[in-house]
Amino acid sequence: TSLGVILMLNWQIGVTVLIVAILIMALSRYVSLGSIIAAIIYPILLTGYIMGARGFETAKVESQYAIITGIIMALLLIMKHRSNIKRLLKGNENKLFSKKKGSANDKINLGFIGLGQQAIHLMNGFITIPEVRIVAGCDIYDIKRDRFEQRVNKYYADNKIKNKFTMYVRYEELLARPDIDAVVIATPDHQHALMAIAACKAGKDVYLEKPLTFTVYEGQRLIEAVRANNRILQTGSMQRSMDEFIHAANIVREGKLGKISTMYAFAGEGPKPYTLPKQEVPAGLDWDLWLGPLPASIHYNHEVVPLIVEHDNDECWGAWRWYKGLGGGFTTDWGAHMFDIGQWMIGKDLSGPTEILPPSASLHRVLTYRYDNGIEMVHKNVGYGQSVKVIGENGWIMVKRGKFEASNPDLMPKTVDQKAVYETNVPHYQSFIDSIRSRRDPSVPVEVGHSSCVVCTIGNIAYELNRPLEWNPIVQKFMGD
């Protein structure tokens, strides 16, 4: 359109139209409403200038071109920011502006969904970020709600920070709040997809605990929701923000080990049948809401939704994760950490294995993944517990939380923090907050979190079927099966 104006009018005004168009489109990355208004106003102003300089009859065609340019740009921008405009119509004008440092909207308001032990670790980190305010929480168990609210309010009171905190039982009510910019979801795995997709549709950015989803299908739908609604999603794979794991990944990816043959990535056993005895549901727990999409036939046991004991901590990590139908066992719980690091090391993010061998079909007698580049990721404990050991033609390295070993001293990192608090990783949370501002993907975006989660899930399927499986990581389907 600008070229048309150049040809029909003169090059000075044509170039001016082009420059203004580029500036408006650049502005639209940060201020969606402002760019739409500018796209409508600037051709009107240009039309006035043309008519004033050349007269109405002479400038009629050129003026029409200028107006059409503005209308097209405005329509494109309205389509791009349609979700923001919907929120404007609902009274949430502030959501039309990206959170930029130094602006009136400098603070990012977070809501937490799921307030168990992991949420406490996450809160302990997020709450220390100066630009963050935790303004809401949601859980279906009253003892978890009370503990979380007390800790949040105490932190802000102790630090003399004014903050209004509100608690909810239903997550839909939290998502309906227009002043909440993002949510941190730390519920059991079976609720992840429903809640995260709902959050995306409500215009919230999402920090979602690993494993990302309960099934492969859910992960595919979550990716669609994140991208369709222009949301930021950070996966809670915090090991990717830890120095020893970053160093290990760099060693392998830079080729310092030479050609890789085998990785030993250990997580732990798969899920087992749900055998905990049935118990009476406590008065303060809404068991139906906890079940969500799970069958109503699943009964309550206090280990599944842990009680709070001494020092205000949960009596155990929620045991739902160890049982079939409720979780994926160690395969998903720790595989989302260790298999994730393995895939990162060998450049298989957004991809995955092509063969999955259950123990009965593997020469290693354990769950084994084969990749199209010939590398095997073997689910075996080689003496380090939950860890990743990579073997190449030039040596080997082993990395786990707080420990790093190598065949050559030159491969070692300068230091390893053996006292790090791994469940609270502020750099990983900061990546999420930075992405909310920049609107660029965080360190572990939804597609990466999904590909790592898929490896865990199809491993459990191989366990269950007890036969080799062929997998196409591009179309994400089992082949010939």
Side-chain angles (χ1 to χ4, degrees), residues 29 80 83 182-186 189 191-201 203-241 245-246 249 252-253 265 328 331-333 335-354 356 369 371-373 375 377 425 427-461 471-478:
R29 183 176 183 85
K80 177 181 178 182
S83 59
V183 292
V184 177
I185 300 176
D189 303 345
Q191 297 273 21
H192 283 187
L194 285 175
M195 292 178 174
I197 290 171
C200 291
K201 291 180 177 179
K204 315 302 183 189
D205 296 320
V206 180
Y207 183 99
L208 182 58
E209 262 304 328
K210 42 57 61 183
L212 203 68
T213 57
F214 201 46
T215 68
V216 175
Y217 177 82
E218 288 179 348
Q220 295 166 341
R221 302 292 79 77
L222 178 56
I223 290 173
E224 292 172 358
V226 170
R227 298 309 173 193
N229 293 281
N230 300 313
R231 294 297 94 202
I232 297 296
L233 187 144
Q234 170 77 310
T235 310
S237 302
M238 72 281 190
Q239 287 184 169
R240 292 201 183 207
S241 296
F245 290 98
I246 294 171
V252 178
R253 293 167 71 92
T331 316
T332 57
D333 193 60
H337 286 308
M338 296 308 170
F339 298 164
D340 171 71
I341 295 298
Q343 290 221 136
W344 184 32
M345 286 176 167
I346 62 172
K348 288 299 180 180
D349 279 346
L350 310 181
S351 182
T354 55
I356 310 99
Y369 299 94
Y371 292 82
D372 58 4
N373 56 10
I375 296 175
M377 183 164 68
N425 188 280
H428 200 64
Y429 312 152
Q430 187 67 59
S431 171
F432 175 54
I433 300 303
D434 292 343
S435 292
I436 291 176
R437 295 191 181 285
S438 69
R439 308 314 297 170
R440 294 183 175 90
D441 275 338
S443 54
V444 193
V446 61
E447 291 86 357
V448 174
H450 173 62
S451 63
S452 295
C453 185
V454 166
V455 174
C456 306
T457 303
I458 61 179
N460 274 338
I461 293 174
W471 176 256
N472 186 322
I474 305 305
V475 299
Q476 297 182 21
K477 290 184 178 180
F478 293 106

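By convention here, the first residue in the shown sequence is residue 1. No hydrogens, no waters, no symmetry mates; every other heavy atom, side chains included, goes into these values. It should be emphasised that the depicted structure is a prediction, and the values quoted were computed from it without experimental measurement.
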*asked:* Ignoring hydrogens, what is the shortest heavy-atom contact between Pro353 and Tyr369? Give both atom names and the distance.
replied: CG-CD2, 3.6 Å
*Answer whether the closest heavy-atom distance between the side chains of Ser241 and Ser443 falls below 4.5 Å.*
yes
*asked:* Strictly distance-based, threshold 3.5 Å: is any side-chain N or O of Arg439 a donor or acceptor partner for the main-chain N or O of Asn230?
replied: yes
*Look at Arg221 together with Glu218 and state whether they make a salt bridge at an N to O cut-off of under 4.0 Å.*
no
*Kindly give the heavy-atom pair with the smallest separation between Gly219 and Thr213, and that separation in Å.*
N-OG1, 3.4 Å
*Is there a side-chain contact between Met377 and Val455, using heavy atoms and a 4.5 Å cut-off?*
yes
*CD/Gln430 to OG/Ser435 distance, rounded to the nearest 0.5 angstrom?*
10.0 Å
_Show the nearest heavy-atom pair for residues Ala182 and Phe432, with the distance to one decimal._
CB-CZ, 3.8 Å
*So do the side chains of Val216 and Gln476 get within less than 4.5 Å of each other, counting heavy atoms only?*
yes
*ring pair (Phe, Tyr, Trp, His ring centres under 6.0 Å) involving Tyr217 - partner list, sequence neighbours excluded*: none
*asked:* To the closest 0.5 Å, what do you measure between OG1 (Thr215) and CD (Gln220)?
replied: 8.0 Å
*asked:* Could you report the tightest heavy-atom contact between Gln239 and Phe245, atom names first, then the distance?
replied: O-CB, 3.3 Å
*asked:* With a 4.0 Å cut-off on N to O distance, would you call Asp189 and Lys210 a salt bridge?
replied: no
*Sub-4.5 Å side-chain heavy-atom contact between Arg240 and Asp340*: yes
*To the nearest 0.5 Å, how far apart are OG in Ser452 and CD1 in Ile341?*
8.5 Å
*asked:* I want to check something: taking the side chain as every heavy atom from C-beta on, are Val454 and Phe339 in contact at a cut-off of under 4.5 Å?
replied: no
*Between OH on residue Tyr207 and CD1 on residue Ile185, distance to nearest 0.5 Å*: 12.0 Å
*Where do Gly459 and Ile356 come nearest, in terms of heavy atoms and distance?*
CA-CG2, 4.2 Å
_Can you confirm whether Pro442 sits close enough to Asp434 that some side-chain heavy atom of one is under 4.5 Å from a side-chain heavy atom of the other?_
no
_Check whether Asn460 reaches the backbone of Gly328 with its side chain - one donor and one acceptor, N or O, closer than 3.5 Å._
yes
*Among Val444, Val184, Leu222, which residue meets the side chain to side chain contact (heavy atoms under 4.5 Å, CB included) test with Leu208?*
Leu222
_Main-chain N/O of Ser431 paired with Gln234 side-chain donor or acceptor, under 3.5 Å_ = no
*List the steps and the verdict of side-chain contact (heavy atoms from CB on, under 4.5 Å) for Val448 and Thr235.*
CA-CA 8 Å; Val448 174; Thr235 310; 6.0 Å; no
_Give me the atom names and distance for the closest heavy-atom approach of Cys456 to Ala336._
SG-N, 3.4 Å
*asked:* Salt bridge or not between Asp372 and Lys348? Use side-chain N to carboxylate O under 4.0 Å.
replied: yes
_Heavy-atom check, side chain of Ile232 versus side chain of Arg440, under 4.5 Å_ = no
*Say whether, by atom type as modelled, one donor and one acceptor occur between the side chain of His337 and the main chain of Met238 under 3.5 angstrom.*
no
*Do Asn229 side-chain atoms and Arg231 backbone N/O form a donor-acceptor pair below 3.5 Å?*
no
*asked:* side-chain contact (heavy atoms from CB on, under 4.5 Å) for Arg227 and Val446? Distances and angles first, verdict last.
replied: CA-CA 9 Å; Arg227 298 309 173 193; Val446 61; 4.0 Å; yes
*Can you tell if the side chain of Phe478 reaches within under 4.5 Å of the side chain of Ile458, non-hydrogen atoms only?*
yes
_Under the side chain to side chain contact (heavy atoms under 4.5 Å, CB included) test against Leu233, which residue among Leu212, Ile223, Asp441 passes?_
Leu212
